[in-house]
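Every number for a ligand or one of its atoms is a count from 1 in the order of the listing. The basis for the numbers below is simple: all heavy atoms, side chains too, and nothing from hydrogens, waters or symmetry mates.
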Amino acid sequence: MGEGQHHAEYSNYQGDLSKEETLQLLVDSYEAVSNDTRNWVANLSNASSLVWHAYHSLKVPVNWSGFYVINPTKPEEELILGPFQGKVACQIIKFGKGVCGTAVSSQKTQLVANVNEFPGHIACDGETQSEIVIPIIKDGKVYGVLDIDCLALEGFDEVDVEYLEKLVTKISESNDF
Ligand code: SME
């Protein structure tokens, strides 16, 4: 972090940046603010905020951005709610269930243009229309997922996949889970 720079300034994305520039700034900002610690609670909390503000600067109506992590009391079975921005959400998601559980079981990003067409989608908020979930993987093991919900249909596309996968790679490298 630069001398004299305040942490909160990383949440101030300029409105005139392209989507690619904004999402690259998101990745770079995460890298800068995560330098101080390898604690996942601290880093995923700031990552949730950076994601929220990046999409709002792009006028994408994101209504939830955050993380589910492997539940330490049931590590073979389920995710538990982690740091996030937005409304109160479901606490437990079983592997293989919903978009998040599917991302864990398949170890693949889930890009969902219309959540109403995703079999088994878990509606924490009935207003959500589209969603993207990226698994956090290190050495072949899943540690959690980044989940972003949107009030618009087709809120995310392949550009989001590209940059959010970069972000999640940085998250997997910069934390001790
Ligand atoms: N929709 C998710 C559940 C989590 S909330 O969106 C925050 C799912 O189907 O796994």
Side chain to side chain donor-acceptor pair (under 3.5 Å) assessment of Asn46 paired with Ser34: CA-CA 8 Å; Asn46 274 338; Ser34 63; over 6 Å; no
Side-chain (Ser65) to main-chain (Ser48) donor-acceptor, under 3.5 angstrom: yes
Could you pull out the N/O contacts under 3.5 angstrom between ligand 1 and the surrounding protein atoms?
{"residue": "ligand 1", "atom": "1 (N)", "partner": "His121", "partner atom": "NE2", "Å": "3.3"}
{"residue": "ligand 1", "atom": "1 (N)", "partner": "Ile122", "partner atom": "O", "Å": "2.7"}
{"residue": "ligand 1", "atom": "1 (N)", "partner": "Glu131", "partner atom": "OE1", "Å": "3.0"}
{"residue": "ligand 1", "atom": "1 (N)", "partner": "Glu131", "partner atom": "OE2", "Å": "3.1"}
{"residue": "ligand 1", "atom": "6 (O)", "partner": "Asp147", "partner atom": "OD2", "Å": "3.3"}
{"residue": "ligand 1", "atom": "6 (O)", "partner": "Asp149", "partner atom": "OD1", "Å": "3.4"}
{"residue": "ligand 1", "atom": "6 (O)", "partner": "Asp149", "partner atom": "OD2", "Å": "2.7"}
{"residue": "ligand 1", "atom": "9 (O)", "partner": "Val99", "partner atom": "N", "Å": "2.9"}
{"residue": "ligand 1", "atom": "9 (O)", "partner": "Ile122", "partner atom": "N", "Å": "2.9"}
{"residue": "ligand 1", "atom": "10 (O)", "partner": "Val99", "partner atom": "N", "Å": "3.0"}
{"residue": "ligand 1", "atom": "10 (O)", "partner": "Cys100", "partner atom": "N", "Å": "2.8"}

Any side-chain heavy-atom pair of Ile148 and Phe156 under 4.5 Å: yes
Nearest non-hydrogen partners of Arg38 and Asn175, listed with the distance: NH2-O, 3.3 Å
Pair Ser174, Tyr30: side-chain N/O donor-acceptor within cut-off below 3.5 Å: yes
Contact summary for Ser57 and Thr22, nearest pair of heavy atoms: OG-CG2, 3.7 Å
